[in-house]
Each structure stands twice: as C-alpha cells, then as structure tokens.
Amino acid sequence: MTPFTEKVIGIIRSIPAGRVMTYGQIAKLAGSPRAARQVVRILHSMSRAYKLPWHRVVNAKGAIAIQDDESYNEQWMSLEAEGVLVGLHGVIDLKKYLWEPDGE
DNA sequence: CTGGTGACTTATC
DNA sequence: AGATAAGCCACCA
C-alpha cells in the first residue's frame, strides 16, 4: 500500500453522487499528474475491497472507459441511477457533471 | 530480477 | 483533428 494509493482511494471516496471525475484529475490530485494508469489499476483492484464508487470515474473524454460490456453496463446503470445522463456511446457531459474539488 | 501490459493522459507531428 | 510517442507505476508471467 503506497501513499499514492491511499490518496487515490480518498479522492474517489470524496466524489459526490451525481458527479464524475477523470483519471487525470485524480492522478494529479494524488501527486502524479501522469499516473492515470495507476489510478486505473488501484481503482480496479481496490473498488471491490473498499467499496469505491468506481462508476463515478471516467476518462478524459468524459466517456466510460471500460472494455468489458458487463461492467460497462453496470457503470452506465449506476450513473443513470444517480441522475447522470449518459449518452448512447457512454459519453457524459463533463461541463455539467465533472466535479472539481478545488472549485467546490 | 527482467519484461510486458493496462478501465489512461498529455504533448507533438 | 487523427495518429504517435512517452510517461506513470503496480501486477503477473
């Protein structure tokens, strides 16, 4: 367990319902602006153990990044359930839903 | 230990 | 604007 991991977990846990964050933002807030991959790995790895809202994390385009259809569908449903309108391509309107902790 | 990969991002061409 | 390269670091073979 590294400090980076703990930060990432804390950041993801702080994402309010109905809002999303990008991997890049999380990585930057955690201390490594280009460590988006680690965020992904941590998320994938810890979401199950820490009950993290991984469905509130999307890529830089504001789209669902998952490759697995089942998980993709699960994220889609979770977002819709929180009031986030997801496009048919899994694209989310970042201008509306992107949560910036600094601008909170 | 070495090497390759990944639910990604940003900068350059 | 689409394609390429480099960066990041944990995990698995």
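Computed from coordinates, the A:Asp68 CG to B:dG6 P distance equals 12 Å when rounded to whole Å. A:Lys61 places its NZ atom 14 Å from the P atom of C:dA1, with the value rounded to the nearest Å. One interatomic measurement links the two molecules: CG of A:Asp69 to C1' of B:dA7, which rounds to 13 Å at whole-angstrom precision. Taking atom CE of residue A:Met21 and atom P of nucleotide B:dT9, one finds them 12 Å apart after rounding to whole Å.
Of all heavy-atom pairs between A:Trp99 and A:Met21, the closest is O-CG, 3.5 Å. In terms of heavy atoms, A:Ala27 sits closest to A:Ala36 at CB-N, 3.7 Å.
Contacts classified as salt bridge (Lys or Arg N to Asp or Glu O under 4.0 Å) and involving residues 2-13 of chain A (residues at least two apart or in different chains) are not found. For residues 46-65 of chain A, the salt bridge (Lys or Arg N to Asp or Glu O under 4.0 Å) pairs, not counting sequence neighbours, are A:Arg56-A:Glu82.
Under the rule for a side-chain hydrogen bond (donor to acceptor under 3.5 Å, both in side chains), the partners of A:Thr2 that lie at least two apart in sequence or sit in another chain are A:Thr5. Partners of A:Asn73 according to the side-chain hydrogen bond (donor to acceptor under 3.5 Å, both in side chains) rule, which considers only residues two or more places apart in sequence or in another chain, do not exist here.
Residue-level contact check: A:Ala36 touches the bases, meaning some heavy atom is under 4.0 Å from a base atom.
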- Item | Candidate pair A:Val57 and A:Val20, rule side-chain contact (heavy atoms from CB on, under 4.5 Å), full reasoning | CA-CA 6 Å; A:Val57 184; A:Val20 299; over 6 Å; no
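A:Tyr23 contributes a side-chain N or O that forms a donor-acceptor pair with the base of B:dA7 under 3.5 Å.
Using modelled atom types, one side-chain atom of A:Asp93 and one backbone atom of A:Lys95 make a donor-acceptor pair closer than 3.5 Å.
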Between the protein and nucleotides 11-13 of chain B, which nitrogen or oxygen pairs come in under 3.5 angstrom?
none

Write down the protein N/O and nucleotide N/O pairs, taken from nucleotides 9-13 of chain C, whose separation is under 3.5 Å; answer none if there are no such pairs.
residue	atom	partner	partner atom	Å
C:dC9	O4'	A:Gln38	OE1	3.3
C:dC9	O4'	A:Gln38	NE2	2.8
C:dC9	O2	A:Gln38	OE1	2.4

